Trainee: 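To start, I am sharing the structure in question, which I have written as structure tokens.
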Amino acid sequence: MAEDDARGLKKGLTSYGDSAFSLFLRKAFIKGMGYSDDALDRPIVGIADTFSGYNACHANVPDLVEAVKRGVMLAGALPVPFPTISIHESFAFPTSMFTRNLMSMDTEEMVRAQPMDAVVLIGGCDKTVPAQLMGAVSANVPAIQLVTGPMMTGSHRGERVGACTDCRRFWARYRAGEIDGEEIADVNNQLVPGGGTCGVMGTASTMALVTEALGMMAPGGATPPAVSADRRRIAETSGRLAVSLAAEGLTPARIMTQKAFENALTVLLATGGSTNGIVHLAAIAGRAGLKLDLDAFDAMGRSVPVLVDLKPSGMNYMEDLHRAGGLPTILRELKDHLHLDCITVTGRTLGENIDAMPGGWSQSIVSPVSRPFYPEGGMAVLRGNLAPGGAIVKQSAASPALMTHRGRAVVFSSVADMGARVDDPDLDVSEDDILVLQNAGPKGAPGMPEAGYMPIPKKIAAKGVKDMVRISDARMSGTASGTIVLHVTPESADGGPLALVRTGDMIALDVPNRSLTLEVSDEELAARREAFVAPVHPGADRGYKRLFLQTVTQADEGCDFDFLIPEKTGTVPGPRDK
Ligand code: FES
């Protein structure tokens, strides 16, 4: 049997120079765990187990592994769980994005290195699903994504709360002096009432929904809560489907096509999804040889409305969307915007999956396309002399009054500088100013932290001001809201124009016309560019940090490592054909 045709335990034999001996040795070792020859002759489904004591968003992974195993065995194959890196947003220093590519490499290499005919990838917290999909595209072994599912909401003094939009809302109230130390400690107990991912339309929810739209997840798999029986049934189904994927050789490359990515982008826009979603989709598409076309994405956004009333753009939580029918309810409304003929992990098309899912009952979470929650897509792409490579604003979560705004820049040179000075009572700042944060991009921080949600200076917040225009090369949590311009490209640490802004400069933001302008003459900018010095990071001379700083790409390329990206063969969205 040719090496490429090998299946099950015979796949990818370790090199000892004698393939029969390699198999003999492999079987001897795995039999040490009590397997029979019958079990070892079956197709193998690997299960990427991302449980970690640091990751509450993955607290239910052990249960899900058991349910996936059940599904695999019911379909006649052998399930083999294996560990990979797990990343939690609040437990990764300096930021989770710094380790996303490491997890993608871990996933790719472990899927490729170990014998498996298909793999079930269990992720959930923000960076884990993109990392797993990036690895799956590159390994191109049949794969299906399973997410841990959203946490349930909690209750604080009679008010429904959930991570992490409410985390930020209560913290802003505390900073403004509206609530005291006792109450902020109280609500800290209620914001994450159990395991699972953030219950709003943050990055985890966004990535779950766009992954289902991509065709890489069992239908209806994005929304069941982490603690629900539905979640375990989806896990069992994922195990069964993985066995079919292995039998049919249905690889990620056949599912994650240009049109499938367009479906994912449509769902990103229609859900008011996290701005991180665009960075991650750029990275996943990049692994498939597709370049994200930001301007074409913006053009899509003009015609795809936001349909979902979830925080932070709206008022509800993921458990509400699940009760409303989950993604299939959204997809039904979007049918005219979707490529329904895309093949999915079920072996059927997206359109066939939608038709097979229950729905049609009365609900108030997903608006009909004729009466959208917001008339355009959730995100807009800005261009101008301050962001020649583009910048993103989540318009559905911004203040309408600030969408066109001209103001004086108040510049912070780094995340640390912002932390040190933003609450200084002597800071020269007014509510009409524009806060600018430099050196918070992929190379600047490094790792492009979610620092774009800059705090309103305390003395301004104390006046009851809830929003100001804020501009940076950082990212923002999908759970945050405000008139916040993000992902300014090229980043300031790479010598982008953002590095040249000085306090007192005037900046004009015009979201309707998609422009971001630094009102400084070209001559003055050229002089400032002469004096530019890139930041130096301690520890940048060795190890993973060195690899990261030398090879990370900009936000429009998904912040992937350049050596992991194949040559581009197309763009996404592609040329309009309908
Ligand atoms: Fe894990 Fe929000 S912190 S999903």
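Counting starts at 1 for both ligands and their atoms, in listed order. For clarity, every value in this text was computed on a predicted model and none was experimentally measured. If you read the sequence from its start, that first residue is 1, and numbering goes on from there.
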Trainee: Between Cys198 and atom 2 (Fe) of ligand 1, is there a contact where an N/O/S atom of the residue lies under 2.8 Å from the metal?
Mentor: yes
Trainee: Compare every heavy atom of Leu209 with every heavy atom of Met201, then report the nearest pair and how far apart it is.
Mentor: CE-CD1, 3.4 Å
Trainee: Which of the numbered atoms in ligand 1 are below 4.0 angstrom from a heavy atom of Asp126?
Mentor: 2 (Fe), 4 (S)
Trainee: Between Cys57 and atom 1 (Fe) of ligand 1, is there a contact where an N/O/S atom of the residue lies under 2.8 Å from the metal?
Mentor: yes
Trainee: Pairing donors with acceptors under 3.5 angstrom, does anything connect the side chains of Ser52 and Ser86?
Mentor: no
Trainee: What atoms of ligand 1 come closer than 4.0 angstrom to any heavy atom of Thr197?
Mentor: 4 (S)
Trainee: Which residue, Asn276, Asp126, Thr275, forms the side chain to side chain donor-acceptor pair (under 3.5 Å) with Arg475?
Mentor: Asn276
Trainee: Is the ring pair Phe91/His88 parallel, tilted or perpendicular, if the boundaries are 30 and 60 degrees?
Mentor: perpendicular
Trainee: Apply salt bridge (charged side-chain N to carboxylate O under 4.0 Å, His left out) to residues Arg232 and Glu236 and explain how you reach the verdict.
Mentor: CA-CA 6 Å; Arg232 280 144 187 80; Glu236 184 185 302; over 6 Å; no
Trainee: Fit a plane to each ring of Phe548 and Phe561, take the angle between them on a 0 to 90° scale, and name the class: parallel (under 30°), tilted (30 to 60°) or perpendicular (over 60°).
Mentor: perpendicular
Trainee: What atoms of ligand 1 come within less than 4.0 Å of a heavy atom belonging to Ala204?
Mentor: 4 (S)
Trainee: Distance under 4.0 Å to a non-hydrogen atom of Glu89: what atoms of ligand 1 satisfy this?
Mentor: 3 (S)
Trainee: So if I count the atoms of ligand 1 from 1 in the order they appear, which ones are less than 4.0 Å from some heavy atom of Cys125?
Mentor: 1 (Fe), 3 (S), 4 (S)
